[in-house]
2 protein chains.
Amino acid sequence: MIEAVNARDTRSYGHFCMLAKALERVGDRWTLLVVRDLLSGPKRFTDLMDRMAGITPKTLTQRLRDLEADGLVEVDRVAGRREVWYRLSPAGQDLQPALEELLLWGLRHVAEPPRPDEPAHPEHVLRALQLQLQREAVDAGSVRWTVHVRGADNYVLTGDGTRWELRIDPYGERTPDVTITATRSALARFLTTPALRDAQPQDVELAGKPAAIRTFLKAIEVFPPVAAGPAQNP
Amino acid sequence: MIEAVNARDTRSYGHFCMLAKALERVGDRWTLLVVRDLLSGPKRFTDLMDRMAGITPKTLTQRLRDLEADGLVEVDRVAGRREVWYRLSPAGQDLQPALEELLLWGLRHVAEPPRPDEPAHPEHVLRALQLQLQREAVDAGSVRWTVHVRGADNYVLTGDGTRWELRIDPYGERTPDVTITATRSALARFLTTPALRDAQPQDVELAGKPAAIRTFLKAIEVFPPVAAGPAQNP
DNA sequence: CTGGATCCATGATGATACTG
DNA sequence: CAGTATCATCATGGATCCAG
């Protein structure tokens with residue numbers, strides 16, 4: 001008797017290969033982007049919808065259910081509370097090194113400035129900046145930069161000379177060296193377009209001591225890396 | 001007027017995020033498995049078909065064309081020769097760190113012994129073993145182990161106390177310390193089932209000096225890592 | 001308002017067979 | 001050896017609607 005095959009079996013590769021088995025868990029469209037956005041902490045359904053412009057609620061629901069079934073995501077449902085919070089399990093958090101390598105590959109090989117109408121969430125731009133500062137071992141001393149963007153969380157990017165970290169900064173607890181205030185698109189343009197940094201565009205406000213701002217502008221020169229690869233525009 | 005969107009645009013995420021852009025290049029089903037199999041050197045169409053059991057020639061063709069268009073794969077077509085050889089471009093080879101992290105994640109979180117009928121290509125089992133030996137910094141001194149499997153390439157796994165390497169070994173040029181001869185499925189079972197190693201199953205032949213064989217059996221104790229995660233069998 | 005569910009259209013993938 | 005051709009199926013996107 002032939003056993004019934006469900007959708008999960010159909011989408012499996014059926015190989016004895018650990019890469020194939022990993023991709024059976026996280027290889028579906030949108031799945032790694034869900035993991036990416038949960039790596040910065042628990043999120044609600046609509047938080048995820050905001051970061052993943054273009055995903056339909058149906059697909060996001062499906063991905064969250066799949067990830068939950070595979071043990072990568074845990075769900076906080078509290079009776080009497082409207083919000084449902086999604087967070088990564090330890091196995092889900094363990095994907096971080098793989099995601100960082102993939103992101104850095106994208107930075108090296110497909111980096112280009114944002115198109116005018118391209119949704120650019122601060123979290124994604126700042127994550128790329130943090131990883132590049134870390135990968136290039138940029139030493140700016142002990143610094144603390146905060147980023148304010150209307151309609152999004154505030155972020156704080158810190159360096160201690162050795163390690164760079166990016167966190168959501170809900171309260172702005174401590175005094176930053178530099179505060180960057182901009183819209184989503186202006187922030188993306190400013191950080192990814194070297195020519196704009198000295199021009200001090202009007203849609204990006206940098207607050208802080210002049211020396212601290214100079215340190216900031218110097219550090220972000222590593223970002224993005226020079227696009228060495230040939231563009232492919234058939 | 002609405003602009004026409006082609007299939008490529010449809011499948012893009014449209015985000016200013018380097019991870020999303022990376023996944024637009026390598027996020028399609030089967031794509032990273034093609035890259036995986038080209039990382040060990042140039043291959044012909046049928047070489048890839050053999051390693052990727054279950055893929056249809058139509059899909060493999062599509063993936064190779066996409067990868068070529070994106071500059072990750074280069075094609076050697078020589079007039080008057082039947083074979084077409086596919087190889088990775090530098091950008092394609094640069095995916096290696098990301099693939100290794102994903103493979104190691106699979107090894108940590110979804111490792112289980114091969115099912116009886118599960119296709120197990122030696123290259124994929126040995127790659128996982130090599131990465132785990134490297135990740136765990138296993139020091140077996142200077143060793144050279146060769147693997148013979150009927151119907152597949154021969155492989156040579158070498159360690160020098162610091163670095164582990166796996167290569168296809170077409171001619172068996174130098175004298176190995178241990179030679180492993182088995183079928184595909186027997187090799188997979190033997191390497192992934194600790195209980196089998198001392199039992200010396202009849203479908204796996206180990207040739208070499210007793211001390212060298214003991215070194216081999218000791219080293220592979222790190223493989224596979226103990227499955228700590230809970231199985232999900234709904 | 002959040003957190004979805006439903007219906008339909010389409011395109012990507014799979015199964016199978018065949019060819020230069 | 002290196003693919004094509006044809007047909008079937010399933011996943012995803014778009015749009016809309018709904019319950020707490």
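Proteins come first, then strands; the chains are lettered A, B, ... in the order of their sequence lines, and each starts at number 1. Values reported hereafter were calculated over all heavy atoms of this structure, with side chains retained and with hydrogens, waters and symmetry mates removed. Given the structure is predicted, the values throughout are model-derived calculations rather than measurements.
Regarding contacts with the backbone of dG4(C), a side-chain N or O of Y86(A) is found under 4.0 angstrom from either OP1 or OP2. Contact check, R29(A) against dG13(D): a side-chain N or O comes under 4.0 Å of OP1 or OP2. For R77(A), no side-chain nitrogen or oxygen approaches OP1 or OP2 of dG20(D) to under 4.0 Å. Within the 4.0 Å cut-off from OP1 or OP2 of dA2(D), not a single side-chain nitrogen or oxygen of W85(B) is found. In this structure, R65(A) reaches the dG4(C) phosphate: one of its side-chain N or O atoms is under 4.0 Å from OP1 or OP2.
Atom CD of E83(A) is separated from atom C1' of dG3(C) by 11 Å (rounded to the nearest Å). Atom CG of L23(A) and atom P of dT13(C) are 14 Å apart (whole Å). The distance between atom CG of D28(B) and atom P of dA11(D), rounded to the nearest whole Å, is 16 Å. Between the OH atom of Y13(A) and the C1' atom of dT13(C) there is a distance of 11 Å, given to the nearest Å. In this structure, D66(A) atom CG and dT12(D) atom C1' are separated by 13 Å, rounded to whole Å. Going from atom CZ of R11(B) over to atom C1' of dG13(D) covers 12 Å, rounded to whole Å.
Within the nucleic acid shown, R81(B) has no heavy atom closer than 4.0 Å to any nucleic acid atom.
With a 6.0 Å cutoff to the six-membered ring centre and a 45° limit on the axis angle, R127(A) does not count as a cation-pi contact of Y155(A). Relative to the ring axis of F16(A), R189(B) does not place its NZ or CZ within 45° and under 6.0 Å from the centre.
At a non-hydrogen distance threshold of 4.0 Å, R44(B), F45(B), T46(B), P57(B), K58(B), T61(B) from residues 40-62 of chain B come into contact with DNA chain D.
Atom-to-atom distance recorded for R51(A):CZ and L60(A):CG is 12.0 Å, nearest 0.5 angstrom.
Side chain of S40(A) to main chain of D37(A): a donor-acceptor pair is present (N/O by atom type, distance under 3.5 Å, no hydrogens or angles).
Residue-environment remark: CZ (R81(B)) exceeds the threshold of 12 foreign heavy atoms within 6.0 Å.
With respect to the salt-bridge test (charged N to carboxylate O, under 4.0 angstrom), the residues E101(A) and R135(A) qualify.
Side-chain polar atoms of Q96(A) and E100(A) form a donor-acceptor pair below 3.5 angstrom.
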